[in-house]
Amino acid sequence: MGLSVRAGIAAYSDRVPASPPRLFPLWLASLLSVVAGLALTTAFPSLAWWPMAFPAVVLALATLVGRGVWGSVLCGLLFGLSFFLVNVSFTGRYLGPIPWIALSVLEAALVAIASIPISLAYRWMPRLLPGPWGRTLVLALVVAGLWTAREVLVGTFPYGGFPWARLGMTQADSPLARVSSWTGISGLTFLMVFVCAAALEVIRLRRRAVWAAIPAAVVAVVLFALPAFPTTANGTLRVGWVQGNGPAGYFDSRTADAVLDAQLKATAPIANERMDVLLWPEGGVDSDPTHNSATAAVLDAVSAQVQAPLLMNAATERGADVFNSSMMWLDGAGATQTYDKRHPVPFGEYVPDRDFFYALAPDLVGLIQRGYTPGTAAPVMSVAGTTVGLAICFDVIYDDVVHDAARDGASVYLLQTNNADFRGTDENLQQLAFARMRAIETGRAVVNLSTVGTSQVIAPDGSVIAGLAGDEPGAAVTDVPLRTGLTPAVVIGDGVQVALVAGSLVALAGAGGVLLWRRRRYAKTPAPAGGTGVDVERG
């Protein structure tokens with residue numbers, strides 16, 4: 001029996017190439033995983049060294065080549081920890097290290113789990129397609145798809161996910177940002193990782209891969225040379241926007257209506273200028289004007305003075321539910337249009353499974369008294385005959401909100417945010433970079449307004465039209481360009497993610513299935529004289 005099994009295994013081994021060897025011993029791969037994670041953080045603001053995304057990805061992939069399941073989990077975990085502990089360190093600004101560490105460990109654990117399929121691709125695909133073209137093209141495509149699938153996992157699970165650290169978002173200052181108008185953010189991530197994965201195979205194959213490097217080289221050229229998809233100019237919208245710099249943080253000491261008073265004071269210099277709409281940031285009003293008549297009267301007066309509707313934001317109550325609401329306020333009519341934030345921040349704006357987490361950390365969970373309900377309304381409003389798209393703070397990192405607004409006819413985005421809880425960190429700069437990427441992706445101008453800054457008016461090509469520095473009050477009136485027409489990124493929408501995730505997983509499963517079939521086939525050998533054959537499926 002033993003001879004028969006060994007003969008079958010030998011026959012299989014003779015016909016199927018071996019898995020690629022590990023590039024590094026586990027101890028060195030672990031160290032390099034940490035280096036890769038730290039390198040990737042430098043591609044995000046405040047440093048925003050966008051070219052660093054490429055060597056960081058190459059290094060992260062190299063640590064997974066030839067790794068087993070537990071080795072890939074360890075390398076993925078270390079990569080994720082070194083990246084997230086730095087990149088989202090702002091989450092510990094007020095609540096201390098526990099939320100910061102918990103979020104980083106959770107995200108790193110998801111990265112670790114999703115590293116297993118990537119390592120399997122490096123083990124299986126070269127056995128099916130061992131030639132240079134198979135490795136620099138097919139293997140690189142599968143790896144890029146699996147990396148994108150990993151971003152989708154982190155961005156959707158649990159509790160709606162946290163798509164803060166997508167690779168494509170690092171390119172706001174790069175020529176590659178224009179590609180997002182064709183492919184969306186996930187498509188840009190895929191193409192970047194494909195180039196990196198192909199480059200890694202070229203390095204490993206050396207001279208044998210000269211011609212096989214052509215597809216990746218063509219993609220690299222396209223990434224840098226492709227212009228943004230053109231949208232059509234359609235006039236301007238005159239927007240007054242006010243950064244009040246009031247005490248808008250969750251734990252800021254303040255008197256009643258202190259944030260509203262700061263907004264009023266900062267608005268005064270532009271109150272007599274002509275405008276189509278006056279924009280205030282998220283949390284710019286610290287009482288519910290739908291229930292507080294005094295606040296409503298103040299907002300009526302503001303709208304009357306500027307002779308335009310006021311797009312403001314406050315927490316509102318409807319029955320037992322509390323919403324983070326943006327309202328188009330008009331003198332004498334009140335809130336004529338309302339959009340409620342679709343993606344309240346878990347453990348920031350509400351606590352999921354509150355009883356469970358309260359039992360684990362009662363002091364921390366007890367600090368978070370509010371519990372916002374997710375909104376369901378379309379993220380658009382109409383002003384001066386123009387449809388404007390909306391997103392409230394972290395809404396901007398979710399594709400559905402941004403894409404839905406464009407599909408519903410938005411010609412410009414008016415984004416409201418409150419970064420007061422993260423003063424002195426990189427959070428506001430990272431979010432601002434995401435807003436710039438959204439402008440390029442949709443081909444529309446964006447007004448990204450914060451309570452405390454940094455606030456900017458961003459052109460459809462991602463350039464900055466006007467801005468206000470952080471941590472100081474200010475106001476301006478800007479003619480913001482309007483655009484019509486949908487970019488391919490918006491038209492395709494989630495189809496890009498579905499195709500990339502499904503395609504890469506099907507390809508990996510198919511490769512595994514073929515190798516298993518081959519192994520079983522070659523393991524069946526004729527029985528020795530006087531005996532019975534052995535089938536590895538049974539033995």
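Worth saying up front: this structure is predicted, and the values here are computed from it rather than measured.
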N/O donor to acceptor pairs below 3.5 angstrom from side-chain atoms of residues 36-49, sequence neighbours left out:
unit_1 : atom_1 : unit_2 : atom_2 : d
Thr41  : OG1    : Leu38  : O      : 2.5
Thr42  : OG1    : Ala39  : O      : 2.5
Ser46  : OG     : Asp426 : OD1    : 3.4

Only pairs under 3.5 Å count here: list side-chain donor-acceptor contacts from residues 108-116, not counting sequence neighbours, and write none if there are none.
unit_1 : atom_1 : unit_2 : atom_2 : d
Ser115 : OG     : Val111 : O      : 2.7
Ser115 : OG     : Arg150 : NH1    : 2.8

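There is a side-chain donor-acceptor pair under 3.5 Å between Thr231 and Arg483. A donor-acceptor pair shorter than 3.5 Å cannot be found between the side chains of His403 and Asp494. Using a 3.5 Å distance cut-off with no hydrogens or angles, the side chains of Asp353 and Tyr159 do pair a donor with an acceptor. No side-chain donor-acceptor contact under 3.5 Å links Tyr350 and Asn324. Defined by atom type and a distance below 3.5 Å, a donor-acceptor pair is missing between the side-chain atoms of Gln243 and Thr451. Looking at Gln497 and Ser186, their side chains do bring a donor and an acceptor atom within 3.5 Å of each other.
Counting only heavy atoms from C-beta outward, the side chains of Leu191 and Val179 approach each other to under 4.5 Å.
How far CD of Glu201 is from CH2 of Trp133: 14.0 Å, rounded to the nearest 0.5 Å.
Using a 4.0 Å cut-off between charged side-chain N and carboxylate O, Arg166 and Asp399 make a salt bridge.
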Item to check | Step-by-step side-chain contact (heavy atoms from CB on, under 4.5 Å) determination, Met381 to Thr387 | outcome: CA-CA 6 Å; Met381 291 184 185; Thr387 301; over 6 Å; no
